[in-house]
Protein chains: 2
Amino acid sequence: MKDIFKALNDDTRREILELLKKQDLTAGEIADNFNISKPSISHHLDILQRADLITGEKKGQFIHYSINTTILDDVFTWLLTLKK
Amino acid sequence: MKDIFKALNDDTRREILELLKKQDLTAGEIADNFNISKPSISHHLDILQRADLITGEKKGQFIHYSINTTILDDVFTWLLTLKK
DNA sequence: AAGTTATTTAGATATTTGTCTAAATACTTA
DNA sequence: TAAGTATTTAGACAAATATCTAAATAACTT
């Protein structure tokens, strides 16, 4: 839960999730959407992956990233308890 | 939105919300629940208030804090768009 | 095998964040 | 008005974070 909120607490990472919502993308394709170096994007992908919000699958020399929204259910549940 | 995710990205602040969910509390009563100095709690309350997650109303020398869950709807909406 | 491409890892740096103590503000009470 | 209580503001500091460049790893191509 801690990791999820941490992962969501960044504009770039939230944008990455919005991109991956539309379609799977490689690390490079994701990086092309930002004015940030590739190592920095790689770092963001790592944080998202640790939070289980995305998964990466290596295909040849590319890594294809996909969003994993099931983990968001935990967030929904926690937020709902606040709303009584 | 940015402010909300920032506010939620901290154990202490999430616990404060859980306390305020049960009942309104003064700043001092909130502080009594943590091993953290009062100024630090005051800082957390400020961050929660800036995110509109809580409101504070002064009554005499006390400030009574209440949770505001309506703002969470924005988070729900954003999270739901990710789930397609 | 050598060069190119895709991505990550390592190390450095500036900014942000959470915490503290001390001081300030505001209200209450004697 | 003076002393006490509740809370915040100010300033300092250590830890965490986002970013960068340079180097390493891995796979493809010729």
Side-chain angles (χ1 to χ4, degrees), chain A residues 1-20 22-68 71 75 78, chain B residues 1-20 22-68 71 75 78:
Chain A
M1 179 63 85
K2 205 166 175 166
D3 289 338
I4 301 180
F5 279 117
K6 174 185 167 173
L8 294 175
N9 184 33
D10 182 89
D11 286 322
T12 302
R13 289 195 290 271
R14 288 197 297 275
E15 276 190 57
I16 290 174
L17 291 175
E18 288 173 6
L19 289 172
L20 290 177
K22 297 183 212 149
Q23 59 194 308
D24 291 358
L25 294 170
T26 68
E29 289 170 333
I30 292 169
D32 289 343
N33 286 273
F34 300 91
N35 285 326
I36 293 178
S37 71
K38 285 180 182 181
S40 293
I41 294 294
S42 184
H43 178 235
H44 285 307
L45 292 171
D46 183 52
I47 289 170
L48 287 167
Q49 203 159 19
R50 280 176 200 279
D52 256 335
L53 281 164
I54 66 174
T55 57
E57 193 187 351
K58 188 152 195 173
K59 290 183 184 172
Q61 67 193 138
F62 298 88
I63 301 180
H64 290 254
Y65 283 99
S66 313
I67 195 170
N68 170 32
I71 200 73
V75 183
W78 187 82
Chain B
M1 181 63 86
K2 204 167 178 168
D3 288 338
I4 301 180
F5 279 118
K6 173 184 169 175
L8 294 175
N9 184 33
D10 181 87
D11 285 323
T12 302
R13 289 194 290 270
R14 288 198 297 276
E15 277 189 57
I16 289 173
L17 291 175
E18 288 172 4
L19 289 172
L20 290 178
K22 297 183 212 148
Q23 60 194 308
D24 292 358
L25 294 170
T26 67
E29 288 169 334
I30 292 168
D32 289 343
N33 286 273
F34 299 92
N35 285 326
I36 294 177
S37 71
K38 285 180 182 180
S40 294
I41 294 296
S42 184
H43 180 233
H44 285 307
L45 292 171
D46 183 51
I47 290 170
L48 287 168
Q49 204 160 19
R50 280 176 200 279
D52 256 335
L53 281 163
I54 64 174
T55 57
E57 193 188 349
K58 188 151 194 172
K59 291 183 183 172
Q61 68 193 138
F62 299 88
I63 300 180
H64 290 255
Y65 283 100
S66 312
I67 195 169
N68 171 32
I71 200 73
V75 182
W78 187 83

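The structure presented is a predicted model; accordingly, all values stated were derived computationally and were not measured. We name chains A, B, ... by the order of the sequence lines, and we start the count at 1 in each one. The analysis underlying the following values was restricted to heavy atoms, covering all of them including side chains, and did not include hydrogens, waters or symmetry mates.
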With heavy-atom distances below 4.5 Å as the criterion, would you say the side chains of [X] and [Y] are in contact?
X     : Y     : value
A:F5  : B:D10 : no
B:F34 : B:L19 : yes
B:E57 : B:I63 : no
A:Y65 : A:Q49 : yes
B:I67 : B:T55 : no

Here the distance between atom C1' of D:dA18 and atom NZ of B:K2, to the nearest Å, is 12 Å
From CG of A:D3 across to P of D:dT17 the rounded distance in Å is 10 Å
Got a donor-acceptor contact below 3.5 angstrom from the [X] side chain to the [Y] backbone?
X     : Y     : value
A:R13 : A:A7  : yes
A:N33 : A:E29 : yes
A:N9  : B:K6  : yes

Contact check, residues 33-56 of chain B vs DNA chain D, heavy-atom distance under 4.0 Å, returns B:K38, B:P39, B:S42
The correct set of residues in residues 7-20 of chain A placing a heavy atom under 4.0 Å from DNA chain D is A:D10, A:R13
Its contact letters, B for base, S for sugar-phosphate only and - for none at protein heavy atoms under 4.0 Å, make nucleotides 24-30 of chain D read --SBS--
In A:L48, A:D52, A:L53, the residue satisfying side-chain contact (heavy atoms from CB on, under 4.5 Å) with A:I4 is A:L53
Quiz prompt | Distance below 4.0 Å between A:Y65 side-chain N/O and C:dA6 OP1 or OP2 | solution = no
Tightest non-hydrogen contact, residues B:T26 and B:H64, listed as CG2-CE1, 3.8 Å
